[in-house]
Amino acid sequence: MNFCWLFNIGIEDNWSVDRFKMKDLEEDCIVQHMEEIMLLMADKDDTLLLRRKPNDTFLCQMRSYGFEVPQIIYPEKEDTTKTITQLVLEDKRILQELKELSRKKDTHLLPYGVTEDEEILAKECGMRLIGPSSTVSRVSNSKLYAKELIKRLHLSSPDGKVCENFDQIREEWERLRKQFRRIVMKRPYGASGRGLYLVENFEKLQRVLYILKRSGGENEKCIVEGWYEDKKDLNTQMFICDDGNIKILSVKEQILEGTVYKGSIFPVELSVDIKSKYLTALEKAGSELYKDGIRGIVGIDSIVTEQEIFPIIEINVRFTLSTYLSMLPLRFPDRYFCSMYYRIFLSEKWNYTEITKKLVRAGLAFDTKTREGIFCYNHACVHQDILGKAGRLFVIMIAKQRTDLQKLRFKLEQLLEEAKY
């Protein structure tokens, strides 16, 4: 069985009722070019559908780290206003290649997430689509669905409620602020911190309500919960098989900046008792998800505090950036990992090539013999010709001990700080 990988990130926009979106074309371009992250999971017999051909030097570097480079197909036209799926569907050459590919070998389409477009692409090219139907995907990716599932399974949940209108939001905010320093407001759909608002005072509450009103959210349900300051944020990646078998792929500790995901550390260190209770709850949730028609990759965000375990905070019935990191322990056994991304200012002295050289000179670059160090797993997001001056540096740190990860991260961030001057 072979996979055809597709990074159709941004599909959450199809599900949101937000009618007042401020498009950030620069940011959208960066996000779209994160697609090279698929190289962390793909095998040499697979196929990658990318927006553009990756840099040859970068591909050679990834090979040297032990990653396979599969067949890569990319459309003739590059249009950041369209999803990669739309571009592929408009490209007759690619469609023909995919049809021939599926005739020669059993090929499965493995997208970031499933919408009607991915269903059309799979059918058009004779590939089997991995994941739930587009209808199930839309419903189950809502944060409201996660709240309903928590209630159905009688699992512990953060203090808060689903509010039907602005009056209920204000009432719940008044109640929760007596116990919590900050309150989080969650719209049903959103990724990477979008649709999440941390509210610490009445003035901020008023601003958020104004945003909701302008964007059509006045008639939209909103989750209002207390924000737990002292906690460990976890993410579990699971695969729900067609026969109902639940496979836990990874458990990671998430590094957040407010509500925004910045990276992951794994494996996670939990006590035997907490880990047992946590995994039992997740497997129970996985079985229930299967009954609801969910198949394929599922990411579940959780919280562990000193007093409680909240097994489900959010459910992503699609890939996340964390998903693509899940196979690293298989490639580099007996190691600790930390993934991070940093916003950086691109220039002739600060791009993929120069960053790689700086890591080598600082003694931080990944060493294939010791299998320790840092490497950048994305070229396009630190390429000035593609993005202009705004870039993102995506790195993975690998070490024999968890404490060594902290040292690598500290030295890398020192290097990044020095580059500003």
Side-chain angles (χ1 to χ4, degrees), residues 1-9 30-76 78 84-85 87-88 91 93-94 96-98 100-102 104-112 125 127 130 249-250 297 319 321-333 335 337 339 341 351-353 355-357 359-360 365-369 371-383 385-387 391-398:
M1 175 169 41
N2 301 108
F3 298 109
C4 181
W5 297 77
L6 181 72
F7 192 71
N8 57 319
I9 196 169
I30 293 173
V31 170
Q32 289 169 356
H33 285 97
M34 292 178 192
E35 60 186 4
E36 291 171 349
I37 195 174
M38 294 188 292
L39 286 166
L40 297 179
M41 288 189 82
D43 288 328
K44 63 179 180 179
D45 294 327
D46 292 342
T47 301
L48 295 191
L49 292 173
L50 300 181
R51 287 181 170 269
R52 62 184 295 137
K53 181 184 177 183
N55 177 271
D56 288 335
T57 301
F58 166 68
L59 292 180
C60 288
Q61 197 75 49
M62 292 298 287
R63 283 193 186 97
S64 73
Y65 300 145
F67 294 97
E68 308 279 5
V69 176
Q71 176 187 13
I72 295 172
I73 301 175
Y74 51 94
E76 293 180 6
E78 188 171 359
I84 179 63
T85 312
L87 292 176
V88 170
D91 194 308
R93 175 186 60 82
I94 292 183
Q96 188 58 39
E97 281 191 56
L98 294 178
E100 291 176 6
L101 179 69
S102 61
K104 292 177 182 177
K105 53 186 178 182
D106 186 20
T107 305
H108 293 62
L109 182 63
L110 191 53
Y112 172 90
C125 298
M127 294 184 287
I130 293 184
L249 302 180
S250 67
I297 289 287
F319 276 66
L321 296 187
S322 180
T323 314
Y324 297 99
L325 307 172
S326 298
M327 297 298 106
L328 288 176
L330 295 180
R331 293 189 182 275
F332 308 103
R335 291 292 184 270
F337 305 86
S339 70
Y341 83 79
N351 51 46
Y352 177 83
T353 302
I355 290 167
T356 303
K357 289 179 181 177
L359 290 174
V360 172
F366 181 73
D367 187 316
T368 55
K369 293 181 180 178
R371 294 182 296 130
E372 291 187 283
I374 303 171
F375 67 86
C376 173
Y377 62 89
N378 181 289
H379 175 273
C381 289
V382 281
H383 195 299
D385 291 344
I386 298 172
L387 300 178
R392 285 192 191 179
L393 175 63
F394 290 87
V395 297
I396 290 170
M397 306 168 213
I398 305 178

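- Partner of F3 under the side chain to side chain contact (heavy atoms under 4.5 Å, CB included) criterion, chosen from D43, T107, I130: I130.
- Residues C125 and L98 approach most closely at SG-CB, 3.6 Å, considering heavy atoms.
- Between F366 and F332, the distance separating the two ring centers is shorter than 6.0 angstrom.
- Between L39 and P70 the shortest side-chain heavy-atom distance falls below 4.5 Å.
- The aromatic rings of F319 and W5 stand perpendicular to each other, their planes meeting at an angle above 60°, with 30° marking the opposite boundary.
- Scanning all heavy atoms of the two residues, the minimum distance from I84 to R51 falls at N-NH2, 3.3 Å.
- One distance of note links CG of N55 with CE of M62; it measures 12.5 Å at 0.5 Å rounding.
- Atom CG of N351 and atom OG1 of T356 lie 8.5 Å apart (nearest 0.5 Å).
- Formation of a donor-acceptor pair under 3.5 Å by the D91 side chain with backbone atoms of E76 is found in this model.
- Put simply, the side chain of K369 reaches to within 4.5 Å of the side chain of D367, judged on heavy atoms.
- The heavy-atom pair separating Y74 from I94 by the smallest distance is C-CD1, 3.6 Å.
- When side chains are defined from C-beta on, T47 does not count as touching N2, because their heavy atoms never get closer than 4.5 Å.
- In this structure the side chain of T57 never reaches within 4.5 angstrom of the side chain of T353, judged on heavy atoms.
- Rounding to the nearest 0.5 Å places CG of L49 at 4.0 Å from SG of C4.
- Judged purely by atom type and a 3.5 angstrom limit, R52 has no side-chain atom pairing as donor or acceptor with the backbone of E78.
- In this structure, I398 and F375 have side chains that are in contact, with non-hydrogen atoms separated by less than 4.5 Å.
- With F394 as the partner, the ring pair (Phe, Tyr, Trp, His ring centres under 6.0 Å) test is satisfied by one option alone out of Y341, F58, Y352, Y324: Y341.
- Annotation for N378 and H33: closest pair ND2-O, 2.9 Å, computed over non-hydrogen atoms.
- In plain terms, the two heavy atoms of P329 and L325 that are nearest each other are CD-O, 4.1 Å.
- Listed here is the closest heavy atom pair of A42 and E68: O-CB, 4.0 Å.
- Taking CG of D46 as the reference point, atom CD1 of I72 lies at 11.5 Å (rounded to 0.5 Å).
- Put simply, CD on E35 and CG on L6 are 9.5 Å apart, with the number rounded to the nearest 0.5 Å.
- In summary, R93 and E97 engage in a salt bridge, as defined by a charged side-chain N under 4.0 Å from a carboxylate O.
- Panel note: side chain E36, backbone P54; no donor-acceptor pair is recorded below 3.5 Å.
- For the atom pair OG of S339 and CG of L40, the computed distance is 9.5 Å after rounding to the nearest 0.5 Å.
- Counting non-hydrogen atoms of other residues, nucleotides and ligands closer than 6.0 Å to NZ of K105 gives a total above 12.
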